[in-house]
Structure formats: structure tokens, C-alpha cells
Amino acid sequence: MAMDMRMGALGALLLISLVHCFALSAAQDLPNCSFPAVYAFGDSLTDVGNGIGAFPEKFGNSEHNPYGVEFPMHPADRYTDGKLFIDFLAFGVRRRPIYPVLRGTNADFQYGTNFACSGAAARNVTYWSKDAGFYTPFSLDVQMKWRSRYQERLWFYEHLNGGLVQKLPFLNQTADSLYLVYAGYQDYFFSLYDSILTPRQALTIVPDVVQAISDHIEKLVTVQFFNPPPTDERVDLPIANNILVANLPPLGCIPAMLTQYQSATADYDSHGCLSELNKITSAHNELLGTTVVALREKYPEIKIYYGDIHGVYTDILKDPLSYNVTSPLKACCGVGGSYNFNKEVQCSYTGMVGNEFVNLTTAPCANRAAHLSWDGIHTSNTFNKAAATAFLTGKHITPEGGFNCSPDFKFWESRV
Ligand SMILES: *[C@@H]1O[C@H](CO)[C@@H](O)[C@H](O)[C@H]1NC(C)=O
Ligand SMILES: *[C@@H]1O[C@H](CO)[C@@H](O)[C@H](O)[C@H]1NC(C)=O
Ligand SMILES: *[C@@H]1O[C@H](CO)[C@@H](O)[C@H](O)[C@H]1NC(C)=O
Ligand SMILES: *[C@@H]1O[C@H](CO)[C@@H](O)[C@H](O)[C@H]1NC(C)=O
Ligand SMILES: *[C@@H]1O[C@H](CO)[C@@H](O)[C@H](O)[C@H]1NC(C)=O
């Protein structure tokens, strides 16, 4: 009996190592990722400079220390300490970080363009602005119009101004490029942060937010056309064949939310997050997940990936030390309270907290890499890297295996 069990265990071990070898060699056989370009839509979790481009004062702090301390050579214009998820994703699929569509100087659009903007809701602005005090007019519908115009410009360059095209993808390459849609955080977060909606009310906007994301995806996979002068002939623009739809991190684990809704009577889950707020993101993610499944059925020839940002976040909360994270619920760049966040004096500003002068323009915390949240609102370089690493290695992503191409982590730590 004991012998049998040992044999069984040995057999299992052998099987495991066989499976492991097989998986490894399969991974080695994958072709290199080769999307011609990368495009992105969303809010401040994905904005690489459109916010500050359009509203230099409102988003001026994305250029102030210590934002972008991992980008010492130039202001990063990103709401994080280092790279955003989109930066890691673009590097990982063997491309360079993509530049904001509103960048007028020294941009490199060779490998795509980023349409995401801070303060951008998934729902259109007319619809959304009643739910928040803080927003910009560049919701997903506007970002889609920018994208169509971008494609029209490519057509003009190629057909009417031959030879003028320099360092841009060809229009036909926009078809097989990779498109990221990572939206909705703005819709929930700022409705709650500005106390326009209660958590219970925020739960009721889930269907509209997911519908807006779904509409966006459908526009990406439906042929748009235009009638360029002088002939006004109809020109069809390429659709997107590879779309990564990302879900949302758990709202109840975000330091700003934990601070604002902290109470002795609130329900906290085993990780110390606010259950009522987590219900909102869970409802969003669940509906988004079923929506993606339905879209895959409706458009079987399109690859629509679902990236489970929430799953990566929860994995880290379950075992933070394996990610070298020691402060999963505290902001790095912030001050005070249980979560190192204070609405009155935020990252990159100075001010008074009680009688104490606080200077948050440098040296935010002892170890940035130990935090999931950078400034109490936006995820950190550590989290963004973990999420991209997971998806690129086929974890927390569907369909099974993810992009099924060999990523490149060479530039993971590069400071560009
Ligand atoms: C994949 O890219 C690596 C560089 O990261 C290169 O050495 C290798 O030759 C490429 N493989 C193929 C099949 O192109
Ligand atoms: C905004 O979205 C709402 C709800 O989907 C829709 O009724 C309205 O027509 C949209 N407005 C604009 C300007 O697109
Ligand atoms: C894509 O467009 C470019 C420029 O018009 C052209 O040279 C190339 O052959 C096209 N590629 C395909 C696969 O059609
Ligand atoms: C955690 O830190 C150790 C020691 O510095 C390092 O070897 C390991 O790669 C780190 N793990 C992660 C997930 O960053
Ligand atoms: C905040 O700290 C930085 C770095 O020590 C310093 O340069 C800056 O003058 C300080 N700001 C204020 C208002 O004291």
C-alpha cells in the first residue's frame, strides 16, 4: 500500500515534469509577437500624455515630481511612478511604448498611437457628466472618432501625398495591430470620489458602462468608411482584428476609496478591502466578461481577448510577499491615515495636514516596488508590470494561452 502510494507519487511527479517540459517547449516554439502596431483607449490608467496635452494646467502634475520617477530623463506625463500597463504591454509584444495622439513635439508614431485620456469615461460625456464633478470631454466615443480620423490621415498620406509617409504604420497594418480597451475606472471611481453617487447608486450604472465599452468594441470591428475628396469615392477603413479588453481592479482595495469609505461598521473582506465597493467592480467585470463572450460569438473571426486585471490584483493580495509587496493597501506617494492617502494633500503637492507641513514632491515612500497603488488612485509600476507579465505569459487571460506568441521582457526595466 505504502509502496503503491510512493509509485503513484513518483508517477505523478514524472507526469508533472513531462507536462512541464512539454509546456516549456511549446512556449519556446511560439512565434515572436509581431503585431505591426499597438493602439490604446481608456482613462488615466492608460494615458501617456493626452490629458496634459489638452489641459496643461489641470493635468500639469503628471509632469511633476515624483510622478514618473522611473523616467528620469524627461517628464513621463503618466499617472504612475514608472510604466503603465500599456507601456509594459507594448514592450512585451516587441514594440516600443506608444505616444499620445495629442503630442505635437518629438513623437514617434511608428508603432502605434495612444488615444486614452485622463478623466475619460467609457460613457459619452453628455451622459456621464451628470455622475461626476471631474471629467474630460474625451470619452470612448470621442477616442473612436480620433481613431477613424487617424486612419483617414494614413489613407491621405498613402494615396494623395505619396512619399510623405514617414515612420507611420501603413493603413493596411492597422488591421492586424493590437488594440487595448481598458475603460470604466473613471466612471465608477470619480462618481464615488466626488460623492455624486453612493456605492449603491454606482452599482446601477454598471450596465451602461459595460454597454459603452461594448459599443466601442463593436465600432472597432465594424467597417467604417469615408469619402475623401476630390472623387468622394467610398473608402473602407480596416477593422481591428486583435482586441484586448481589460477588466477593472477591485475598487474596494484602492487607498483613496478605503480612506473615503472607512468606517467601523463597513464590511471588510479577508484582504482588508471594502466589500460594498468590491461588489461594483465584481458586477462590472462579470458583465464585461459575458459581454466579451457574446461578442466573440457574434464576430468569430475577430480575436477578442479578456484580460483579468482583477484576477492579477487579487492574486497579489492573497500572497503579496511572493511579489515583494509589503503594503498592498497603502499608497506610496501620499500622507496619513490608515492607507497613506489624504484628499487634501496629494502626490506631487505640498500642504498642511493639521498643523504639519507636508511635502509630497520627492521621496514618496521607502520602497516604491512594495506598493500596488502609486498615489492612492492609480496603480503602481509594480502592479502594471505584474498584470502585463501575467497576460503575456497566458495567465489571467482568455481565450486560453492569450496571444500565443513569444513576448520580450528585455526592456522591462528600461528607463525610457
Ligand atoms: C525572436 O526575437 C528574438 C529577439 O528577441 C530573435 O533573436 C529571434 O531570432 C526571433 N525569432 C524569430 C523566429 O524571428
Ligand atoms: C450618449 O449616450 C446616451 C446613452 O447611450 C445616448 O442616448 C446619447 O445619444 C449619446 N449622446 C451622444 C452625443 O452621443
Ligand atoms: C499595405 O500597404 C502598402 C502601402 O500602400 C503596400 O506597399 C503593401 O503592399 C500593402 N500590404 C498588403 C499586405 O496589402
Ligand atoms: C522579489 O525580490 C527578489 C530579491 O530581490 C527577486 O529575486 C525577485 O525576482 C522579486 N520578485 C518579483 C516578483 O519581483
Ligand atoms: C519640497 O521638497 C523638495 C525636495 O526636498 C524641495 O526642493 C522643495 O523646495 C520643498 N517644497 C517646499 C514648498 O518646501
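Just follow the structure's listing: the first ligand is 1, and inside any ligand the first atom is 1.
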Thr361: numbered ligand 5 atoms lying under 4.0 Å from its heavy atoms: 1 (C), 2 (O), 3 (C)
Nitrogen or oxygen of Asn359 less than 3.5 angstrom from that of ligand 5: yes
Between Arg94 and Asn32: side-chain donor-acceptor atoms closer than 3.5 Å: yes
Flag, side chain of Tyr305 to backbone of Leu180, donor-acceptor distance under 3.5 Å: no
Under 4.0 Å from ligand 3 - residues by heavy atom, chain and number: Glu158, Phe170, Asn172
All disulfide bond (SG atoms under 2.5 Å apart) counterparts of Cys117, not counting sequence neighbours: none
Could you list the donor-acceptor pairs under 3.5 angstrom formed between side-chain atoms of residues 229-256 and any protein atom two or more places apart in sequence or on another chain?
residue	atom	partner	partner atom	Å
Thr231	OG1	Glu233	N	3.4
Arg234	NE	Asp236	OD1	2.7
Arg234	NH2	Asp236	OD1	3.1
Asn241	ND2	Ala175	O	3.2
Asn241	ND2	Asp176	OD1	3.3
Asn242	ND2	Asp176	O	3.2
Asn242	ND2	Ser177	O	3.4
Asn247	OD1	Ile309	N	2.8
Asn247	OD1	His310	N	3.0
Asn247	ND2	Tyr306	OH	3.1
Asn247	ND2	Asp308	OD1	2.8

Sole residue of Asp81, Asp375, Thr80, Thr361 in side-chain contact (heavy atoms from CB on, under 4.5 Å) with Tyr67: Asp375
Atoms in ligand 5 flagged as close to Phe357, the criterion being non-hydrogen separation under 4.0 Å: 12 (C), 13 (C), 14 (O)
Between Asp47 and Ser118, a side-chain donor and acceptor under 3.5 Å: yes
Disulfide (SG to SG under 2.5 Å) between Cys33 and Cys405, intermediate numbers included: CA-CA 5 Å; Cys33 301; Cys405 62; 2.1 Å; yes
Numbering as shown, the atoms of ligand 5 that approach Thr362 to under 4.0 Å (heavy-atom distance): 4 (C)
Which residues share a side chain to side chain donor-acceptor pair (under 3.5 Å) with His396, sequence neighbours left out: Asp315
